[in-house]
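Quick notes on the structure that follows.
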Amino acid sequence: MYCDLVVKNGRLVSANRIFEATIAINDGKFVAFASPTIDIKGREVIDAGGNLIFPGVIDCHAHLNEPGFEYREDFETGSRAAVVAGCTTLLDMPLNNNPSLLNKDSFSRKLDAVSRHSYVDFALWGGLVGDYDDTPGSIKNNLNDVLELQKCGVVGFKGFTCPNGNLFPAVNLGNIRQALEILKPYNALCGFHCEEYGQILEREKAAKAHARQSNNEKIRDFLDSHDVWAEYVATKNVLDMCRATGGRVHICHVSHPMVAQAVKDAIAEGLPVTAETCPHYLKYSENFLFEKGAPAKCTPPLRKHEEVEALWSYVLDGTLSCVGSDHSPAADNEKNNVKMDIWQAWGGLNSIQFFLPIVFDLFVHKKNLSPTWIPKVLGINPAKIFGLYGKKGAFEVGFDADLVIFDPEMPWKVDQKKLFTKGHISCFEGEEGKGAPICTIIRGKQVARAGYYLESAKGYGEFVHPVSTSNYY
């Protein structure tokens, strides 16, 4: 056999085993996984040096902010950081964009813009917004546009149940129910940021009215304004609409075991529900927010230490079936502890460049779990949930030849001055761990090596159209 690319001397990590094999790649696809004793010739040969090899990582939840907010991040800067971290397919959110990705026209504009300079293969979430107000120019719900977006090939529809500004208005229960009814015949998925509108609105209003507070007091008020009851009530409401319609629901970035238990109960009931969490909810407690301040602000916020530990059981039992970075970048001045308090700071983390290293270190070195967890939560599960399985997410003949050669013992330390993202303030500054990518390959082409992206890969990233609605259930 003669191939375009041969990857040898690696230990392949699938969702259920680790095994030695030589990988043969032709025309950007996996064509064979052969015994190391079989001699396969290649136009290009990469020696993995005995390291682990993962199927390409799928980040199911990231915000790259193009078009409209390129001063925070664009697809070039965000995707180059992603491939350095081992990400080969990125699912980009419809916000913060201007215009938000709410209809066929905005889909086409975004696809044209980001395809020019993406290093990573990408799929797109569509937006789901609700009635806002009667002010001229304000956005109305886009329920009349969702079927056109479905035909365009979005992997899901993202809605917010909490105050979110006039570019991406929150959905109410009526909007959610109607969207699920419209999309159910297509087995399309609706994902939600779950925090209940009224609680957030009123509790933030009361907290911000307090005067002459210290920074720590303001952080405490922020945490209390976004307590678990806001997340839990919104999640229960969304699950009720799933129950009422039978439409597919995905709960984004679950932060608390009480919310995860509600999801678990719904799954046990047989409802078509999936859910994700993020590395920061599995690693850091609210003490981290008091330590780091604005750079660690996100919503839902970080929870108490015992709640962080309890959340793990829902990853291990499959309730939280995938992990996303929720990279939501900001300009440096929007995360500056000196110039602004917790209320003024942007709510989102610069997390994409150390996504896989942090997840691996957390699962394997900190929790002593098998590396086989990585392909589960960062590969096969998101691929199946978002309709990409058959093309992405696993070592299978005929799938795109996406892989990450990974040194499980390589030490790393976050230095925010060396980030490839546009913003350079990260709450992970100074964090250390073990395990890092040494080569990232997308469709048979190297896009990152030894901690750096390859300039030749700029614009190589392609839009990934779902191959099915879902085969997760």
Side-chain angles (χ1 to χ4, degrees), residues 57 59-63 73 78 81-82 85-87 90-91 93 193-195 219 222-223 226-228 230-231 251-260 275-316 320-330 334-335 337 342 345-367 369 373-374 377-378 382 412-414 416 419 421 423 425-433 435:
V57 165
D59 186 350
C60 64
H61 190 138
H63 303 257
E73 189 82 283
C87 178
L90 184 146
L91 278 54
M93 285 292 174
H193 177 128
C194 288
E195 292 184 284
I219 290 172
F222 166 75
L223 289 167
H226 290 261
D227 69 6
V228 65
E231 187 179 356
I251 307 300
C252 296
H253 43 54
V254 172
S255 74
H256 195 286
M258 190 163 81
V259 176
E276 71 190 41
T277 190
C278 306
H280 42 282
Y281 298 125
L282 295 171
K283 182 175 174 66
Y284 302 106
S285 74
E286 62 180 28
N287 294 335
F288 191 67
L289 181 59
F290 284 103
E291 174 191 346
K292 296 285 187 173
K297 178 185 177 181
C298 60
T299 55
L302 303 175
R303 303 302 188 184
K304 297 183 184 301
H305 174 75
E306 59 272 21
E307 294 160 351
V308 172
E309 291 303 309
L311 194 63
W312 272 95
S313 66
Y314 296 95
V315 175
L316 300 182
L320 304 176
S321 52
C322 47
V323 177
S325 71
D326 198 8
H327 177 67
S328 185
E334 295 175 309
K335 284 289 197 180
N337 279 322
I342 196 70
W346 174 251
L349 306 185
N350 185 333
S351 56
I352 204 165
Q353 191 164 327
F354 283 85
F355 178 46
L356 175 56
I358 286 176
V359 172
F360 182 88
D361 184 70
L362 186 56
F363 275 71
V364 178
H365 291 304
K366 299 294 192 299
K367 292 295 181 180
L369 297 170
W373 275 96
I374 303 302
V377 300
L378 301 185
W412 51 263
K413 182 176 182 178
V414 179
Q416 63 186 13
L419 294 178
T421 50
I425 291 184
S426 171
C427 65
F428 304 116
E429 168 72 357
E431 293 291 300
E432 298 182 65

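Numbering of residues begins at 1 and proceeds along the displayed sequence.
In summary, K304 and E309 do not engage in a salt bridge, as defined by a charged side-chain N under 4.0 Å from a carboxylate O.
Annotation for V254 and L311: closest pair O-CD2, 3.8 Å, computed over non-hydrogen atoms.
Distance alone, capped at 3.5 Å, places no donor-acceptor pair between the K413 side chain and the G433 backbone. Side-chain N or O atoms of K292 include one that pairs as donor or acceptor with a backbone N or O of C427 at under 3.5 Å. Without hydrogens or angle criteria, K297 side chain to G347 main chain gives no donor-acceptor distance under 3.5 Å. A donor-acceptor pair under 3.5 Å is formed between the side chain of S426 and the backbone N or O of N350. Not one N or O on the side chain of D59 forms a donor-acceptor pair closer than 3.5 Å with the backbone of G324.
Side-chain contact of E73 with H327: a donor-acceptor pair under 3.5 Å is present, judged by distance alone. Y281 and E276 share no side-chain donor-acceptor pair at under 3.5 Å. A donor-acceptor contact closer than 3.5 angstrom is absent between the side chains of H305 and E307. Side-chain atoms of S255 and E231 form a donor-acceptor pair, as typed in the model, at a separation below 3.5 Å.
In this structure, W412 has its ring center at least 6.0 angstrom away from the ring center of F360. Ring to ring, H253 and H61 are close: their centroids are under 6.0 angstrom apart.
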**Request:** Show your working on side chain to side chain contact (heavy atoms under 4.5 Å, CB included) between L378 and W373 and close with a plain yes or no.
**Result:** CA-CA 8 Å; L378 301 185; W373 275 96; over 6 Å; no
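At a threshold of 4.5 Å between non-hydrogen side-chain atoms, the residues T421 and P329 do not count as touching. Counting heavy atoms from C-beta on, the side chains of K367 and L282 never come closer than 4.5 Å.
Using the six-membered ring where Trp is involved, H226 and F222 have ring planes that are tilted, between 30° and 60° apart.
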